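Just so it is clear: chains get the letters A, B, ... in the order the sequence lines come, proteins before strands, and each one is counted from 1. What you are looking at is a predicted structure, and each value in this text was computed from that prediction instead of being measured.
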2 protein chains.
Amino acid sequence: MAVTIRDVARQAQVSVSTVSRALSAPGLVKETTRQRVLDVVRGLGYQPNRAARSLITGRTGNLGIVVPDLENPFYPAVLRGVQTRAGEAGTSVFFCDSREDPETEAELVRTMAAQVDGVVLCSPLSSDETITELANLTPLVLINRTVPDVSSVLMDSGSGMDQVITHLESLGHTEYVYLGGPTMSWSHNRRLQGLRNRARVLGPFEPNFAGGRTAAEQALKTNATAFIAYNDLMALGVLSHLAEHDIKVPQQISVTGFDDILYAAMCSPALTTVAMPTEEAGKVAVDLLAERLDDAPAERRELPTNLVIRASTRKHPTST
Amino acid sequence: MAVTIRDVARQAQVSVSTVSRALSAPGLVKETTRQRVLDVVRGLGYQPNRAARSLITGRTGNLGIVVPDLENPFYPAVLRGVQTRAGEAGTSVFFCDSREDPETEAELVRTMAAQVDGVVLCSPLSSDETITELANLTPLVLINRTVPDVSSVLMDSGSGMDQVITHLESLGHTEYVYLGGPTMSWSHNRRLQGLRNRARVLGPFEPNFAGGRTAAEQALKTNATAFIAYNDLMALGVLSHLAEHDIKVPQQISVTGFDDILYAAMCSPALTTVAMPTEEAGKVAVDLLAERLDDAPAERRELPTNLVIRASTRKHPTST
DNA sequence: GTGAAAGCGCTAACAT
DNA sequence: ATGTTAGCGCTTTCAC
């Protein structure tokens with residue numbers, strides 16, 4: 001069996017409680033004895049048994065994250081942020097992919113609830129009621145969505161949309177369409193607000209490559225010279241459809257996306273898109289969770305987005 | 001406080017041990033009492049405390065996966081497979097991204113070791129010695145790498161390479177270069193074997209987009225008409241570099257990759273590539289881990305790969 | 001500042 | 001087939 005707190009106590013010639021305190025409440029033991037204990041700990045390679053600890057403290061020292069689709073590069077980036085910040089605090093992270101299914105998602109959170117101190121939830125689809133119910137089970141932090149009395153970290157895609165429009169207008173475009181995502185999606189609605197009726201809205205489309213191809217087909221029936229896609233995956237679908245029909249981007253049509261996923265920089269033409277601070281969002285989510293654990297009230301934190309101009313946008317062909 | 005096994009026992013008019021057995025050793029209690037217990041369990045919404053359980057059984061019911069780079073879409077796919085299969089067994093999964101750093105990686109595994117029953121390790125870079133040491137800490141299953149006495153799931157990229165060459169030769173190509181990945185990478189070496197000296201080898205290059213761009217530049221100095229990239233990320237870099245220099249793919253140069261990441265189907269031209277059964281590999285890894293927990297000996301399992309022909313390869317321009 | 005002792009919720013002998 | 005009971009390794013009163 002592994003080395004226990006008793007082994008340490010014996011070898012350091014103190015009681016188990018002193019060892020315990022030396023490790024988790026340094027202020028309560030004399031500095032010299034603390035050092036002695038720490039030396040033995042190191043010498044023996046002692047690692048406290050987390051199960052025993054959490055049995056008594058009621059805390060697990062773990063947290064969970066559930067995302068709708070690990071294949072969307074947006075989410076691995078969030079995972080990274082979460083893991084990075086959690087790791088600094090010695091916290092481990094469980095993950096789950098709900099495969100875009102709200103019921104699976106709720107079930108996953110319920111299962112996790114028993115073995116984590118809180119969960120980061122990326123849930124564009126579940127109902128407010130479901131989320132409220134889950135929030136009663138375990139501390140929750142939402143990403144890019146708001147529900148009353150639940151913490152959120154939000155990426156300001158309204159402002160992102162505003163930047164897109166400003167950019168397009170500075171290029172002389174006057175006719176553009178927004179290729180919308182899921183109607184219930186918070187991000188979609190935020191982008192709609194940022195639009196302020198300055199563009200025609202098509203959709204909803206599936207927020208992926210296939211959805212983008214469908215969207216492009218519809219958008220071509222309008223007289224728009226710029227297509228604003230709900231996200232990069234869709235924008236890539238748009239690019240693919242246009243390439244297939246020999247429509248040159250950006251010479252004939254300008255295209256933009258949202259998210260700035262890795263591929264956005266790798267495709268040709270490289271995509272002009274709104275960069276989301278995904279990794280940062282993951283980190284902030286962990287901070288918010290930590291605050292909740294100290295009984296702080298629910299909080300919302302908004303993170304800025306910014307437009308990355310690449311090769312898929314250009315001056316309006318017929319403008320001066 | 002949450003509902004405990006005592007609450008269930010009291011309400012079901014049995015002892016705690018009967019409740020315990022009804023849940024974890026159904027064969028040992030009379031069917032009727034078992035039903036009664038189960039009813040109460042459901043009625044009370046009882047969930048066994050995992051900390052208490054693992055304190056006594058020594059098992060956590062968790063497992064971990066550590067990958068070198070969550071931004072490489074290859075790995076989220078493995079995660080998915082792992083989670084899917086683990087979930088079926090009620091097992092939760094911790095994840096960690098080592099950011100391509102072998103030391104971090106080892107540290108991560110050591111930390112995880114204390115709170116999981118085993119870990120799936122995607123570690124192209126660590127030394128055999130390190131891995132052996134880690135394997136002594138906790139049951140390990142390696143993905144795409146072999147170390148004596150450690151279980152592995154392998155994707156047969158040797159055969160994949162063979163398929164690539166056969167395909168290119170059927171198109172009339174005779175001169176091709178392989179743009180190699182990290183020298184120590186098992187996959188790279190397996191691909192080299194599959195090559196059987198039928199192509200010139202360049203590299204090593206970084207196995208990402210930037211590496212692909214560098215590789216393309218070098219490859220253009222040869223007289224090769226087909227570039228075989230170590231992985232899709234590199235192939236995308238190659239595509240990007242060629243596009244920039246107005247070299248038409250596949251009209252002038254054919255390009256292939258490995259992995260069949262999501263974006264391989266989404267770029268233009270869509271990439272001919274060797275599909276790796278990543279998600280399946282994740283599942284099999286969990287199976288192997290489960291076997292190890294039952295004290296089965298280390299085992300290797302090889303999964304087939306297959307060539308997906310898309311638009312980035314074409315008949316050799318000057319062949320009949 | 002330190003030690004003794006009582007459990008946290010559960011499983012696994014050991015009885016019956 | 002079921003009940004009793006002794007801990008798993010740790011933290012936390014409560015004494016001193």
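Side-chain atoms of A:Ser15 lie closest to C:dG3 of the nucleotides C:dG3, C:dC10, D:dG9.
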Under 3.5 Å, sequence neighbours excluded: what are the donor-acceptor pairs made by side chains of residues 147-154 of chain A?
{"from": "A:Ser151", "atom 1": "OG", "to": "A:Glu299", "atom 2": "N", "distance (Å)": "3.0"}
{"from": "A:Ser152", "atom 1": "OG", "to": "A:Arg145", "atom 2": "O", "distance (Å)": "2.8"}

Quiz: residues 11-18 of chain A side-chain donor-acceptor pairs under 3.5 angstrom, not counting sequence neighbours:
{"from": "A:Ser15", "atom 1": "OG", "to": "A:Ser17", "atom 2": "N", "distance (Å)": "3.4"}
{"from": "A:Ser15", "atom 1": "OG", "to": "A:Ser17", "atom 2": "OG", "distance (Å)": "3.1"}
{"from": "A:Ser15", "atom 1": "OG", "to": "A:Thr18", "atom 2": "N", "distance (Å)": "3.4"}
{"from": "A:Ser15", "atom 1": "OG", "to": "A:Thr18", "atom 2": "OG1", "distance (Å)": "3.3"}

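Remark on the helix from C:dG1-D:dC16 to C:dT16-D:dA1: inter-end axis angle 30°, axes from five-pair C1' superpositions, rounded to 10°.
Pairs engaging residues 69-80 of chain B under the side-chain hydrogen bond (donor to acceptor under 3.5 Å, both in side chains) rule: A:Asp69-B:Arg80, A:Arg80-B:Asp69, A:Asp97-B:Arg80 [sequence neighbours left out].
B:Phe74 pairs by the ring pair (Phe, Tyr, Trp, His ring centres under 6.0 Å) definition with nothing, not counting sequence neighbours. Checked against salt bridge (Lys or Arg N to Asp or Glu O under 4.0 Å), A:Asp156 has no partners two or more places apart in sequence or in another chain. A:Glu133 meets the side chain to side chain contact (heavy atoms under 4.5 Å, CB included) test with A:Arg110; sequence neighbours excluded. Under the salt bridge (Lys or Arg N to Asp or Glu O under 4.0 Å) criterion, B:Glu100 pairs with no residue, sequence neighbours left out. Considering only residues two or more places apart in sequence or on other chains, B:Glu31 meets the salt bridge (Lys or Arg N to Asp or Glu O under 4.0 Å) condition with B:Arg34. Judged as a salt bridge (Lys or Arg N to Asp or Glu O under 4.0 Å), and not counting sequence neighbours, the contacts of A:Glu88 are A:Arg85.
For the contact set between residues 26-39 of chain A and DNA chain D, defined by any heavy atom under 4.0 Å, there are no members.
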Sub-3.5 Å pairs of nitrogen or oxygen atoms, protein against nucleotides 11-15 of chain C:
{"from": "C:dT11", "atom 1": "OP1", "to": "B:Arg53", "atom 2": "NE", "distance (Å)": "2.6"}
{"from": "C:dT11", "atom 1": "OP1", "to": "B:Arg53", "atom 2": "NH2", "distance (Å)": "3.0"}
{"from": "C:dT11", "atom 1": "OP2", "to": "B:Ser20", "atom 2": "OG", "distance (Å)": "2.8"}

